[in-house]
Amino acid sequence: MDVPLAHLDRPFDYLVPAALDEQAVPGTRVKVRFAGQLVDGWLLERVASSDHPRLAYLEKVVSPEPVLSPEVSRLARAVADRYAGSLADVLRLAVPPRHARVEKEARPDGAEPPAPNAPNAPPASTASAAPPAPDASTAPESGAELPEQRRPPAEPGPDGWRDYPAGPAYLRALTDGRAPRAVWSALAGEDWAVRYAEAVAATVAGGRGAVVVVADNRDLDRLDAAVGAALGPGRHVCLSAALGPARRYRAFLAARRGDVPVVIGTRAAMFAPVERLGLVAIWDDGDDLHAEPRAPYPHARDVLLTRAQLTEAGVLVGGYARTAEAQLLLETGWAREVVADRATVRARTPAIAPVGDDPQLARDPGAATARLPSLAWTAAREALRADLPVLVQVPRRGYLPSVSCAQCRTPARCAHCAGPLALPSASAPPACRWCGRVAAAYACPECGGRRLRAAVTGARRTAEELGRAFPGVSVRTSGRDEVLDGVPGGAGLVIATPGAEPVAEGGYGAVLLLDSWALLTRADLRAGEEALRRWLSAAALARPAGAGGRVVVVADGALAPVQALLRWDAGWFAARELAERRELGFPPAVRMASVTGLPAAVADLLDEARLPDGAEVLGPVPADGERERMLVRVPRARAAALAGALHAAAGARSARKAADPVRLQVDPLDLF
DNA sequence: TCAATCCGTATC
DNA sequence: ATACGGATTGAC
């Protein structure tokens with residue numbers, strides 16, 4: 001029933017009139033009379049009888065297309081249960097809006113509607129709830145099937161995976177129809193899209209299908225090209241919200257009808273129906289674009305893991321970085337690590353150096369305004385001299401307001417390195433965007449003014465400043481407005497915001513990671529993890545040290561995320577991060593849920609909820625406006641009970657028509 | 001004792 | 001939302 005009320009989150013039985021018998025196939029959209037109104041619904045199942053005494057008739061079958069596959073139906077129920085949400089909400093995310101014209105077009109042989117699954121069912125239809133599925137990430141019982149031992153080099157399969165001792169066996173398991181589950185740490189310079197395409201091709205070679213989710217459309221384009229090359233034309237579709245309604249529904253239908261075995265896409269693809277699912281994969285699961293912003297706010301990684309658990313499909317969770325959640329999969333034995341050995345890591349990684357406490361600065365003789373910490377400056381200059389491109393990573397426009405003198409508007413500059421000053425937050429003192437030093441008592445060199453005003457410095461402005469530091473060098477920017485996919489191999493500066501770094505032909509000669517302090521000092525549980533993720537993604541685009549690739553990160557080399565970057569060891573950092581979260585009682589070591597709304601409504605819901613034993617209620621903390629937020633924390637073993645209790649409480653509230661809405665979020669990304 | 005009304009609950 | 005049943009109330 002496509003109604004948002006939590007207390008109606010269950011199936012209802014209807015009679016199927018003889019005239020609709022043929023069309024009324026499980027998975028179709030239907031209309032039924034409910035509480036006197038005509039409402040949309042889903043035909044979940046056809047059965048012979050019902051316990052309900054007085055059944056109404058199905059009003060209409062909206063379309064004969066069984067868009068909701070049995071697998072996705074079960075998945076959606078499991079996801080709703082995990083996230084304390086309603087099936088209807090999840091189905092809205094799982095099945096794109098119908099596009100009638102698209103549905104009619106291109107049926108190869110015309111009128112043939114999809115075959116009904118239950119041709120002999122009597123004219124009664126009932127739907128019963130799918131059994132609650134186990135939470136994938138709390139269910140370590142079934143082990144992954146990766147052999148531990150190294151493989152001799154005579155393995156079949158693409159060469160790229162041979163850099164990872166467990167790689168070839170992983171691909172073979174996919175082809176053999178097994179369900180290997182891997183957490184993959186990509187080497188610097190790795191063509192991840194091609195590796196994913198190979199995993200997909202291995203799965204398809206074994207007669208099964210695959211779903212791959214990436215964070216944004218740029219990653220999708222890259223994966224699209226790689227998968228197209230690996231599978232040949234017409235074997236996969238891309239699914240993303242950016243397609244627009246018609247193309248999105250067309251891609252969805254192609255998958256649902258079994259025309260293609262593979263769906264790749266952004267998080268809109270996480271529920272894509274694929275027959276005989278053999279692999280679910282996600283690239284860069286730490287990217288917050290993987291978190292769905294609509295209720296019940298499921299995360300693509302967790303949807304895919306749940307899916308793998310329900311269908312016995314293989315799993316590939318990969319990235320240059322590793323999340324604490326992925327680390328948990330390893331530590332519970334649910335998945336196996338696929339990593340290169342240290343010698344290979346060393347051979348592939350650029351030379352990475354921190355520059356933080358070193359006050360040594362080199363002045364650029366040509367440009368008086370812009371000076372970088374010496375090491376960064378030298379690395380950039382040498383790369384350019386060797387006719388290699390240089391990447392500079394800076395935060396997004398508006399993310400870091402830089403400042404100028406309130407009186408005369410002169411941009412405020414660092415007393416030590418002349419880098420631009422910026423305000424990490426409204427309350428913090430300004431600090432240098434290049435060397436990180438805090439400018440506690442700033443005085444304007446022009447007018448002596450001591451007050452500062454915020455101004456926005458984006459990648460473009462940074463590009464101008466750096467361009468002046470390296471006269472005669474071409475400067476490009478890649479950011480929100482205009483994202484570059486790639487740049488040619490010769491000398492040139494590329495200024496990019498995190499996630500928009502273009503790939504350079506042959507790799508960058510130098511990668512400079514600026515504003516690191518701003519990433520690290522964010523009041524966020526994931527600040528360290530996120531900083532490392534962004535650095536690794538940018539640093540991965542540099543040439544190996546042996547080929548002249550250098551990375552300079554402007555940060556204190558003693559900090560853990562910096563250490564992890566220097567050693568190219570995402571696993572080490574993730575293990576440390578997870579251990580710390582265990583100690584502090586933070587996700588994913590525990591399960592958290594947040595309850596947000598007007599104070600009275602939040603209190604009402606928590607009052608109503610029969611929280612499981614050991615539940616800890618934390619808060620309240622102010623949310624936006626009048627609203628406040630409470631957190632509930634339980635051990636992972638009680639995760640399902642917590643979600644159930646919260647959903648039930650929301651149901652009780654909606655049943656008595658409580659006015660003020662309350663937002664429930666399980667595993668919210670932002671915790672503070 | 002019965003009917004009008006109120007309130008809470010289910011909605012196939 | 002709306003319809004229904006059971007409880008409640010008020011008038012005969």
Side-chain angles (χ1 to χ4, degrees), chain A residues 1-68 70 72-74 76-77 80-81 84-92 94-95 98 116-132 295-296 597-598 600-601 603-610 644-664:
Chain A
M1 209 67 59
D2 199 11
V3 287
L5 304 173
H7 65 288
L8 299 179
D9 184 25
R10 60 199 161 88
F12 292 89
D13 297 350
Y14 285 86
L15 292 165
V16 177
L20 295 180
D21 182 43
E22 213 171 289
Q23 286 194 309
V25 176
T28 52
R29 298 174 191 274
V30 294
K31 281 198 188 294
V32 292
R33 204 158 291 282
F34 187 75
Q37 306 209 119
L38 210 53
V39 302
D40 292 320
W42 294 97
L43 202 158
L44 297 176
E45 191 187 2
R46 287 194 59 166
V47 296
S49 63
S50 168
D51 289 339
H52 198 84
R54 288 183 10 241
L55 297 179
Y57 277 95
L58 195 62
E59 210 68 31
K60 188 180 176 194
V61 176
V62 174
S63 144
E65 197 84 35
V67 283
L68 179 61
V72 173
S73 179
R74 281 196 308 151
R77 184 66 261 172
D81 292 341
S86 299
L87 181 67
D89 283 344
V90 179
L91 290 178
R92 255 191 290 276
V95 184
R98 179 168 118 97
N117 303 12
N120 298 328
S125 155
T126 81
S128 63
L598 295 178
D604 178 42
L605 185 133
L606 287 174
D607 221 37
E608 188 82 54
R610 297 192 34 177
L646 292 175
H647 187 49
R653 270 173 55 80
S654 81
R656 79 177 123 87
K657 295 191 274 280
D660 303 322
V662 168
R663 182 157 89 166
L664 292 180

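Letters A, B, ... mirror the listed sequences (proteins, then strands); counts begin at 1.
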statement: Contact span of DNA chain B against chain A, any nucleotide atom under 4.0 Å from a heavy atom, 5' to 3', runs B:dT9 to B:dC12
- prompt: What is the distance from atom CG of A:Asp9 to atom CZ of A:Arg77, rounded to the nearest 0.5 Å?
  reply: 4.0 Å
message: Would you say that A:Val662 contacts A:Asp604 through its side chain, given a criterion of any heavy-atom pair below 4.5 Å between the two side chains?
response: no
message: A quick test of your reading: do over 12 heavy atoms of other residues, nucleotides or ligands sit less than 6.0 Å from CZ of A:Arg610?
response: no
task: Answer with base, sugar-phosphate or nothing: what part of the nucleic acid does A:Arg54 contact at a heavy-atom distance below 4.0 Å?
output: sugar-phosphate
field: Derivation and outcome, side-chain contact (heavy atoms from CB on, under 4.5 Å), residues A:Val30 and A:Tyr14
entry: CA-CA 11 Å; A:Val30 294; A:Tyr14 285 86; over 6 Å; no
Would you mind reading off the distance between [X] atom [atom1] and [N] atom [atom2], rounded to a whole angstrom?
X       : N     : atom1 : atom2 : value
A:His7  : C:dA1 : NE2   : P     : 11 Å
A:Phe34 : C:dA3 : CZ    : P     : 14 Å
A:Arg33 : C:dT2 : CZ    : P     : 13 Å

field: Ionic contact status for A:Asp40 with A:Arg29, cut-off 4.0 Å
entry: no
query: Excluding sequence neighbours, so at least two apart, what forms side chain to side chain contact (heavy atoms under 4.5 Å, CB included) with A:Ala76?
result: A:Leu87, A:Val90, A:Leu91
